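Taking it in order: structure first as structure tokens, then the write-up.
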Amino acid sequence: MKKLKKITSLLLTLAMVLSLVSGCTNAASTSSQGTGAADGKEGSSAAVPSESKGDPYKIAVATITEGEIWEVQKSYYENVVGPALNMEFMFSEKLADANGLVDFMERAYAAGCVGLINFVTSNDAISQGARKAEEWGMWFVTQNSALNEEVADLIYNLGHCGASAQGMGVAYSEAFDNLLSDGENHSVFIFSGAAVGGASGQGAASHYYSVEGILQAMQNKYGLTYEKSIDEIINNQNPGEVATGNSDIKIYIYPGLDLAAATTAAQTQFQTGDYDIFAAVFSYSAFTNALSDVEVSLNKNIKIVGTASIEAQTATGFGTIDSQDDTMLNAAIINPLNNANGICSIILYNALTGYADAMKDNGKAVLFKVEPWACLNAETYTGISQLDSSPESYVLNADDLQALCVENDGSVTFQTIEAKLEALADVNAIIAEKLK
């Protein structure tokens, strides 16, 4: 009997030991899943399996914009991306430079953020931000249109996603081909924004190629002979008229980000009566009141084309009839911002769930290109305006995002995402699918 009691006691002790070992193993596993990013630098092994769907990943978003356009994007992050990818977001105030980015990153890191989406696009900001992220083990992705080679090999730098710079040029060229198709002579005032240095990473690549597309379209239509190369024309930091070799065709370019000064310059030039097309690579709406006044005073129609997004302001532009019985906005290059927001979030999610390597090209950061949509009239915008307005009409809804998660489909790589973005270039196909 004593022997039986001794055996029973040993068995109970063994069971307790096994239970403790199992508990420690489970605790270690749970702990590793809750970190979000690794303390060391083991590449994609730093990520966290998401099957547990525990606490959401905290993601910082460093923005350079504010107002209605930004509110639309914030809503997409919070109401679509967050629930779909188990993320919550910490948004910055409007930032302008590398110092502002790094300051926000420090606050985000202290708040427990494990990834960051960066909108501050200057090379120095990207370099400093990527290196700071590398130091902390924070996944880092930038929304812009050019690859920063200087930090492309860093482990935690997941690359870039932004408007296809070349695609912007093609879209603007298409818009101008349409505007110039009436057989008349036309002259254009171009607000070129941050185009200076855009081809070399010092300015905005999307602005540079937008202006290039306009200049090429004007040259091809009218057989213009520029005195300088198109690159030299775009990279001139001083506003002024471009020598076209044709006295009947005028082109005026105003570079920089000073909207008030650019508006004054545009109003002055249009009052001469020499110009009848206005193009803006961003913030076209800041000029519409001044241009409307000129239309009334000269009794002359001014065509407006600009970069825009899916928002109420763009609908107002196409829906407002001016004093010349024409729509205020005549053509728009629609930059589908939420496509970039969704893809940036997917890239981060795949890294956080263990698949950073799949988002890179042999260990190097990738530039993902969002193709713009050339919207040439109000009728076309009627369809576009219905996109990204409801769960069913989001171009990248929860199901679309989930389909790009490597944990759901082991065949997903950066090339899968590139192919998806190429497919999203066909806005008519998107409208047919989402609004059926």
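Just so it is clear, the model here is predicted, and its values are computed rather than measured. Sequence positions, counted from 1, serve as the residue numbers for this chain.
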So the salt bridge (Lys or Arg N to Asp or Glu O under 4.0 Å) pairs with at least one residue in residues 233-254 (sequence neighbours excluded) are E241-K250

Those residues at least two apart in sequence (or on a different chain) that pass side chain to side chain contact (heavy atoms under 4.5 Å, CB included) with E88 are P56, K58

Quiz item: Heavy atoms, side chains only, cut-off 4.5 Å: are T63 and F91 in contact?
Solution: no

Nearest heavy-atom approach of A398 to V80 is N-CG1, 4.2 Å

**Prompt:** Are Y156 and W136 close enough that their ring centers fall under 6.0 Å?
**Reply:** no

Does any donor atom in the side chain of T121 or N144 lie under 3.5 Å from an acceptor atom in the other side chain? no

Could you check if a side-chain atom of P255 sits within less than 4.5 angstrom of a side-chain atom of P239, using non-hydrogen atoms only?
yes

The side chain to side chain donor-acceptor pair (under 3.5 Å) partners of D124 (sequence neighbours excluded) come to S122

From the list F414, Y355, F368, side-chain contact (heavy atoms from CB on, under 4.5 Å) with I347 holds only for F368

Contacts of F104 meeting ring pair (Phe, Tyr, Trp, His ring centres under 6.0 Å) (sequence neighbours excluded), chain-then-number -> none

One should read off an interatomic distance between L367 CG and D361 CG, to the nearest 0.5 angstrom, of 12.0 Å

Hey, is the main chain of L404 close enough, under 3.5 Å, to the side chain of N350 for a donor-acceptor pair? yes

Rounding to 0.5 Å, atoms CD (E407) and CG (D409) come to a distance of 11.0 Å

- prompt: Do any N or O atoms from the side chain of T288 and from the backbone of Y284 form a donor-acceptor pair under 3.5 angstrom?
  reply: no

Taken in chain and number order and not counting sequence neighbours, the residues that satisfy side chain to side chain donor-acceptor pair (under 3.5 Å) with N397 are none

For Q269, the side chain to side chain contact (heavy atoms under 4.5 Å, CB included) test, sequence neighbours excluded, returns F189, Y252, Y275

**Asked** W139 and Y349: ring-ring contact (aromatic ring centres under 6.0 Å, His included), yes or no, with the steps?
**Response** CA-CA 10 Å; W139 296 108; Y349 184 81; over 10 Å; no

Can N330 and D326 be counted as having a side-chain donor-acceptor contact under 3.5 angstrom?
-> yes

Can a side-chain donor-acceptor contact be found between N341 and Q143 if the only test is distance below 3.5 angstrom? yes

Taken in chain and number order and not counting sequence neighbours, the residues that satisfy ring pair (Phe, Tyr, Trp, His ring centres under 6.0 Å) with Y381 are F318

Residue set satisfying ring pair (Phe, Tyr, Trp, His ring centres under 6.0 Å) with Y172, at least two apart, ordered chain then number -> none

Residue set satisfying side chain to side chain contact (heavy atoms under 4.5 Å, CB included) with A279, at least two apart, ordered chain then number -> F176, V188, I214, V305

Under 3.5 Å, side chain of E433 to main-chain N/O of I430, donor-acceptor pair present?
no

message = Whether the D231 and N235 side chains hold a donor-acceptor pair (N or O, under 3.5 Å, no angle test) is what I'd like checked.
response = yes

Residues 218-228 vs side-chain hydrogen bond (donor to acceptor under 3.5 Å, both in side chains), sequence neighbours excluded, gives none

Sorted by chain and number, sequence neighbours left out, ring pair (Phe, Tyr, Trp, His ring centres under 6.0 Å) with F282 holds for F191, H207

Those residues at least two apart in sequence (or on a different chain) that pass side chain to side chain contact (heavy atoms under 4.5 Å, CB included) with E66 are K94

(request) Side-chain contact test, heavy atoms from C-beta onward, threshold under 4.5 Å: evaluate it for K434 versus D400 and give yes or no. (result) yes

Practice item. Go through the side-chain N and O atoms of Q271 and T268 and say whether any donor and acceptor fall under 3.5 Å apart. Key: no

